[in-house]
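If you're wondering where the values come from, they're calculated on a predicted model, not measured in any experiment. Counting starts at 1 for both ligands and their atoms, in listed order.
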Amino acid sequence: MGRTAEEANLAASQELAAILAYAPWAVFTEDLNGIIRSWSAGAEKIFGYAEQEIVGRPASVLVPPGSRKPALQQMDALGQKNEIATKWCARNGALLDVAVTSAPVCGESGEPEAICVIARNIIAPDHEKEARDLAFDLAPVMVRRLDGTILEWTAGMAALYGFSRAEALGKISHDLLQTQFGEPLASIEAQLIRRGSWTGELCHSHKDGQILWVVSSWTLHSHNPATLIEVNQDVTQRKHAEQEIRRLNAELEERVEKRTEELMETNRELEAFAFTISHDLRAPLRGMEGFGEALLEDYSAQIDSEGQDYIRRIVGSARRMDLLIQDLLAYSRLSRSDLRVQAVDLSSVASSAIEQVDSNGASIEVREPLGQVRGNRSILVQILANLISNALKFHTESAVPRVAVFSERRNGKVRLTVQDNGIGIDPKFHHQIFQVFSRLHSSAVYPGTGIGLAIVRKGIERLGGAYGVDSELGTGSRFWFELPEVGGNGLKKYGHSSG
Ligand code: ADP
């Protein structure tokens, strides 16, 4: 027996109701004023409103508040449009990406009475999450239990160690990678538990047996059972470079030490040689000087005045050469002797130096106190004697030499200055005059060997001090040296000294 038209209608509408109940769409109708008239189960699922709560309310509640007006107009136009994508608002305020279609519902007259709206939720692909997942997989990361059991192993880890994810999962990481720890594992784990993280260098084995150095960062993820995330950064190349630098440094140090020893040996030989030669040269010179003088005394009757002048010049030259050799010996002795450095009183040094110098009645003013320095007494006496005798020597004939010796304190050092009112020195020669044999005048005008200031330089260098000169041509000179101060000795500070 066939179904009646009514039965067929009922069946069709039940079928439709079932479709509407299970379809993943929101289906609702609104009247021509936009008031919701019916609301499907799918609509409740998507938007969160129950049927009884939304029927009778304007459909515009689905439109985000900021864009309500244009969206309303948009809904009015829906009847004529195909599916459009837009954003609607769920009951909890969440914005949903939806694709909306609508169609007019016509009454018996054929005129539209309502609008039927179908909206489906479009799940926009989460690109950020995809990127995060990819980044995680590319990074050399493993998730593991505290006992080492590997729970997760990224592609980055596989690239670093050569073990695939399948080969690594479930293994004990320390066994798989043959980990060598820089400190006991128990102490690393204790730090991890205490602070929640640990970072340090580890030595691992690649699948192919090669050694890898990594900086490993462990972060405790959960406690029970203890699970951690381990991120490993390959530093093998840096490690090799460091080892190479250390090796080269050690090699260099060894070479420098060997060279220095060789140089010192050569220096010692040269100095011994110079000393012996200079020493031995003095004997024949003294012979020349002595016999020259004897010749003048005993044979002056037989030798005419020109001949006697020649002999005097020979004796004078022999004397100058003897002086030169004595100065050279003093200079080379400075490098040879082992220096005893101790507290030295500069006032006593100044008295001894002045005693050695032929002042010829000129005034030498010592402005006490001069202070105490760390130095070597006999070297300082020699230095000061050289500076004072130069200060007395380099004058024009008409000037009366006035020499002052004074000290001042500068940053834990004592600076001793010898000041004169002599001919002065052009600044372009200040550096040069401290070299051996460097003289700015002929010995006929100002006698000398050109070694005095070289002795000052060498002596102060050996004592670890500083030296220098302030002078201009015609303004006098101030030669100075600086050595570490010993004790507080009532010196004026730099800037307050009298000039
Ligand atoms: P020497 O005194 O035997 O010539 P030095 O080494 O002591 O040798 O001095 C080198 C040169 O520096 C001197 O020849 C002179 O030209 C210059 N000099 C040194 N002290 C003074 C000074 N107080 N005033 C001017 N010139 C000086």
May I have the step-by-step check of salt bridge (Lys or Arg N to Asp or Glu O under 4.0 Å) for Glu461 and Lys458, ending in yes or no? CA-CA 5 Å; Glu461 274 173 3; Lys458 183 97 169 202; over 6 Å; no
Can you find a non-hydrogen atom of Thr449 under 4.0 Å from ligand 1? yes
Do the charged groups of Asp97 and Lys87 touch, with an N to O distance under 4.0 Å? yes
Which residue and atom name correspond to the protein heavy atom nearest atom 13 (C) of ligand 1, and how close is it? Phe394 CZ, 3.4 Å
Using non-hydrogen atoms of the residue, decide whether Ser477 is closer than 4.0 angstrom to ligand 1. yes
Test side-chain contact (heavy atoms from CB on, under 4.5 Å), reference Leu384, set Ile354, Val456, Leu416, output is Leu416
For atom 23 (N) of ligand 1, closest protein heavy-atom neighbour: Asp420 OD2, 2.9 Å
Would you check whether Gly448 has a nitrogen or oxygen atom less than 3.5 angstrom from a nitrogen or oxygen atom of ligand 1? no
Suppose I only count heavy atoms of Ile451 and a 4.0 Å limit; which atoms of ligand 1 are within that range? 6 (O), 8 (O)
Within the 3.5 Å criterion, strictly below it, is a donor on Ser348 or Arg377 matched to an acceptor on the partner's side chain? yes
Could you check whether the rings of Tyr161 and His204 sit parallel, tilted or perpendicular, using 30° and 60° as the cut-offs? perpendicular
Are any of the N or O atoms of Ile425 closer than 3.5 Å to those of ligand 1? no
Atom 7 (O) of ligand 1: closest protein heavy atom, distance to 0.1 Å, is Asn390 ND2, 2.7 Å
Starting from atom 6 (O) of ligand 1, find the nearest protein heavy-atom neighbour and note its residue, name and distance. Leu453 N, 2.8 Å
Closest non-hydrogen protein atom to atom 4 (O) of ligand 1, residue and atom name please, with distance? Arg439 NE, 2.6 Å
Taking only non-hydrogen atoms of Leu440 and a 4.0 Å limit, the atoms of ligand 1 in range are 14 (O), 16 (O)
Can you give me the closest heavy-atom contact between Arg144 and Ser173, atom names plus distance? CD-OG, 3.3 Å
Which residue supplies the protein heavy atom nearest to atom 16 (O) of ligand 1, what is that atom called, and how far is it? His441 ND1, 3.0 Å
Min heavy-atom dist Phe429 to ligand 1 below 4.0 Å: no
Quick check against the 3.5 Å criterion: does Thr417 have a side-chain atom that pairs as donor or acceptor with the backbone of Phe479? no
Below 3.5 angstrom, do we get any N/O pair linking Ser438 and ligand 1? no
Considering residues at least two apart in sequence or located in another chain, which fulfil the salt bridge (charged side-chain N to carboxylate O under 4.0 Å, His left out) criterion with Arg286? none
Assess Arg165 against Trp153: is NZ or CZ under 6.0 Å from the centre of the six-membered ring, and within 45 degrees of the ring's axis? no
Going through the checks in order, is the salt bridge (Lys or Arg N to Asp or Glu O under 4.0 Å) test met by Asp175 and Lys171? CA-CA 8 Å; Asp175 298 342; Lys171 302 275 167 45; over 6 Å; no
Go through ligand 1 atom by atom and flag the ones less than 4.0 Å from a non-hydrogen atom of Lys393. 1 (P), 2 (O), 3 (O)
Name the closest protein heavy atom to atom 8 (O) of ligand 1, giving the residue it belongs to and the distance to 0.1 Å. Gly450 CA, 3.2 Å
What residues, two or more places apart in sequence or in another chain, satisfy side-chain hydrogen bond (donor to acceptor under 3.5 Å, both in side chains) together with Glu293? Arg319
Heavy-atom nearest neighbour in the protein, as seen from atom 17 (C) of ligand 1, with distance rounded to 0.1 Å: Ile433 CG2, 4.1 Å
